[in-house]
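Below is one structure; the comments refer to it alone.
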Amino acid sequence: MSKRSGLGRHSGSFLLGALLPTALLFFLASDRVGERLTSISSIGNGYLLNCPARQANLSAPAGDDEEEQDVDRFPGLAELLPRVATADRTVIVTSVNEAWAAPGSLLDLFRASFRNGEGIEHLLNHTLIVAVDAGGFDRCRAVHPHCYLLEVRSANVSAANRFLSKGYLELVWTKLSLQQRVLELGYNYLFTDVDVMWLRDPFRHINQYADVTMSCDRFSGEPESLKNSPNTGFHYVKSTERTVAMVRYWRAARPRFPPHHDQKIFDNIKRELAGKLGVRIAFLDTALFGTFCEFRDGIDGGVCTMHANCCIGLDNKVRELRGVVAAWKNYTALPPAEKEAGKASWPYPTRCRAARRAKPARPAPIKN
């Protein structure tokens, strides 16, 4: 036997000995991954996010170095979205807490609006309700097929949090982090606040050439004008690399404008999004997507939604929206000739206007 062949035999033994520990480590690591995957609790019709260590920091902006961590923040979401999405991979998303999901509160009104609307009840099957506390999650599971728990533990978000309170801010920024993950998973989303009453199919008014189609508090008359006052309580986003970058930029802008919410900051950076990232933004006419901010009393024959924005206080919202629901039912019961006459009208949001005039004290800035 040659010296060369003996050397080859020894080299093979050495390599085999080196590879065995590596293979063992890979097996153990794979087993740990399996343990993490099975920690997702699928409970009936909902998914429970049960990672307490990560829950406390869900609202922190995600940079490129945190992209891998973001994947782990939403266990079960990738498995849930295919069940909810439409054929073109679009998901309707709303969020609730315990107060909003309580019997007779906003969630009941929201779901009933689909049933009372014109040919839109089937869209409930494509609606994901994100609960930010256990009470909201339990109530969601009792009434809706698609629920996801994204618990926020850095603030109390279970109560009817006042505008710009710490709980309110944590809630709105947490929902934006989840919306980013939906886009990263390749799904378009239409986010709707739970105080939006759905009346007709809004998708026919979504701008197919825009990256983002958003409602507004006040409409300038030009759908693509950045002079429009955006309202993030109802907006559609296509899943593209550009929109993922947009939401990251949006979240990262939070420290620049404390202590503000997602909508105000979007308004502040909308020109940066269009100029730096090339994001195409379109806005929805308030004649079709009604708002308490720019209130129109006539029930338009094409109106799709009515949003109880510019309204302070959960009780005020619920009472005013009950009036909206009653007016819509009266309108739909009218003979066609009376509908066309344009005499039907929405009730004036008296309580909401009075609450805004009262101008409650603004919460103190949040200290980190």
Side-chain angles (χ1 to χ4, degrees), residues 37-51 55 73-152 157-158 171 174-175 177-203 206 233-237 239 304-305 318 321 325:
L37 290 175
T38 56
S39 72
I40 301 169
S41 299
S42 175
I43 307 178
N45 56 331
Y47 272 86
L48 170 65
L49 190 159
N50 57 352
C51 301
Q55 287 167 343
R73 287 174 174 174
F74 308 102
L77 186 63
E79 292 80 9
L80 183 56
L81 290 176
R83 294 196 229 156
V84 188
T86 61
D88 69 347
R89 295 175 69 85
T90 297
V91 179
I92 300 167
V93 181
T94 192
S95 59
V96 298
N97 61 8
E98 184 173 4
W100 299 347
S105 192
L106 293 176
L107 180 58
D108 284 352
L109 289 168
F110 175 78
R111 282 176 40 82
S113 73
F114 285 79
R115 294 191 293 270
N116 296 326
E118 293 185 356
I120 58 173
E121 185 173 3
H122 68 283
L123 293 177
L124 279 174
N125 297 326
H126 304 293
T127 300
L128 176 64
I129 297 176
V130 178
V132 296
D133 56 25
F137 183 65
D138 289 343
R139 170 65 179 157
C140 177
R141 289 178 56 224
V143 298
H144 190 72
H146 307 301
C147 305
Y148 187 83
L149 176 62
L150 181 62
E151 212 166 11
V152 179
V157 296
S158 297
L171 192 154
T174 296
K175 79 182 181 189
S177 65
L178 181 134
Q179 290 163 12
Q180 176 183 322
R181 186 62 188 141
V182 170
L183 295 175
E184 290 170 345
L185 289 169
Y187 292 88
N188 318 307
Y189 73 80
L190 194 164
F191 179 81
T192 169
D193 278 345
V194 76
D195 63 350
V196 175
M197 299 295 99
W198 285 51
L199 311 171
R200 295 186 176 96
D201 188 350
F203 286 102
I206 298 299
F234 191 93
H235 68 280
Y236 171 87
V237 183
S239 175
C304 292
T305 63
V318 169
L321 286 176
V325 170

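In what follows, residues are counted from 1 in the order of the sequence shown.
Between the side chain of Ser239 and the backbone N or O of Asn188 there is no donor-acceptor pair closer than 3.5 Å. The backbone N or O of Gly186 sits less than 3.5 Å from a side-chain atom of Arg89, completing a donor-acceptor pair. In this structure a side-chain-to-backbone donor-acceptor pair under 3.5 Å is missing from His146 to Ile129. Of the possible polar contacts, none joining the Asp201 side chain to the Gly119 backbone as a donor-acceptor pair under 3.5 Å is found. Checked by atom type and distance alone, the side chain of Thr127 never pairs as donor or acceptor with a backbone atom of Ile92 at under 3.5 Å. Judged by distance alone, with hydrogens and angles left aside, the side-chain atoms of Asp193 form no donor-acceptor pair with the main-chain N or O of Val196 at under 3.5 Å.
With sequence neighbours left out, Glu118 forms a side-chain hydrogen bond (donor to acceptor under 3.5 Å, both in side chains) with Arg200. Under the side chain to side chain contact (heavy atoms under 4.5 Å, CB included) criterion, Ser105 pairs with Ala102, Leu314, Val318, not counting sequence neighbours. Residues that satisfy the side-chain hydrogen bond (donor to acceptor under 3.5 Å, both in side chains) test with Thr305, not counting sequence neighbours, are absent from this structure.
Here the CG-CD distance, from Asp138 to Glu98, works out to 8.5 Å after rounding to the nearest 0.5 Å. Between the CG atom in Leu128 and the SG atom in Cys140 there is a gap of 8.0 Å [rounded to 0.5 Å]. Rounding to the nearest 0.5 angstrom, the gap separating the NE2 atom in His122 from the CZ atom in Arg115 is 15.0 Å. Interatomic distance, Thr174 OG1 to Gln179 CD, rounded to the nearest 0.5 Å: 11.0 Å. In this structure, Leu321 CG and Asp108 CG are separated by 12.5 Å, a value rounded to the nearest 0.5 Å. Atom OG1 of residue Thr86 and atom CG of residue Asn125 lie 11.5 Å apart, to the nearest 0.5 angstrom.
Side-chain atoms of Arg83 and Leu80, non-hydrogen and from C-beta on, do get closer than 4.5 Å to each other. Here the side chains of Val182 and Phe74 are not in contact, with every heavy-atom distance at 4.5 Å or above. For the pair Val96 and Phe110, the minimum side-chain heavy-atom distance is 4.5 Å or more. Using a 4.5 Å heavy-atom cutoff, the side chains of Val325 and Met197 are in contact. The closest side-chain heavy-atom distance from Asp195 to Trp100 is not below 4.5 Å. Looking at Leu77 and Arg181, their side chains come closer than 4.5 Å, going by heavy atoms from C-beta outward.
Closest heavy-atom contact between Arg139 and Ala101: CG-O, 2.6 Å. Pairing each heavy atom of Leu149 with each of Val132, the nearest pair is CD1-C, 4.4 Å. The nearest pair of heavy atoms linking Gly136 to Ala131 is C-CB, 3.6 Å. In terms of heavy atoms, Ala85 sits closest to His126 at O-ND1, 3.4 Å. Cys304 approaches Pro202 most closely through the heavy-atom pair SG-CA, 4.2 Å.
The ring pair (Phe, Tyr, Trp, His ring centres under 6.0 Å) with Phe234 is formed by just one residue from the set Phe191, Trp198, Tyr189; it is Trp198.
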query = Which is it for Arg111 and Leu124 under the side-chain contact (heavy atoms from CB on, under 4.5 Å) test, yes or no, and what are the steps along the way?
reply = CA-CA 7 Å; Arg111 282 176 40 82; Leu124 279 174; 4.1 Å; yes
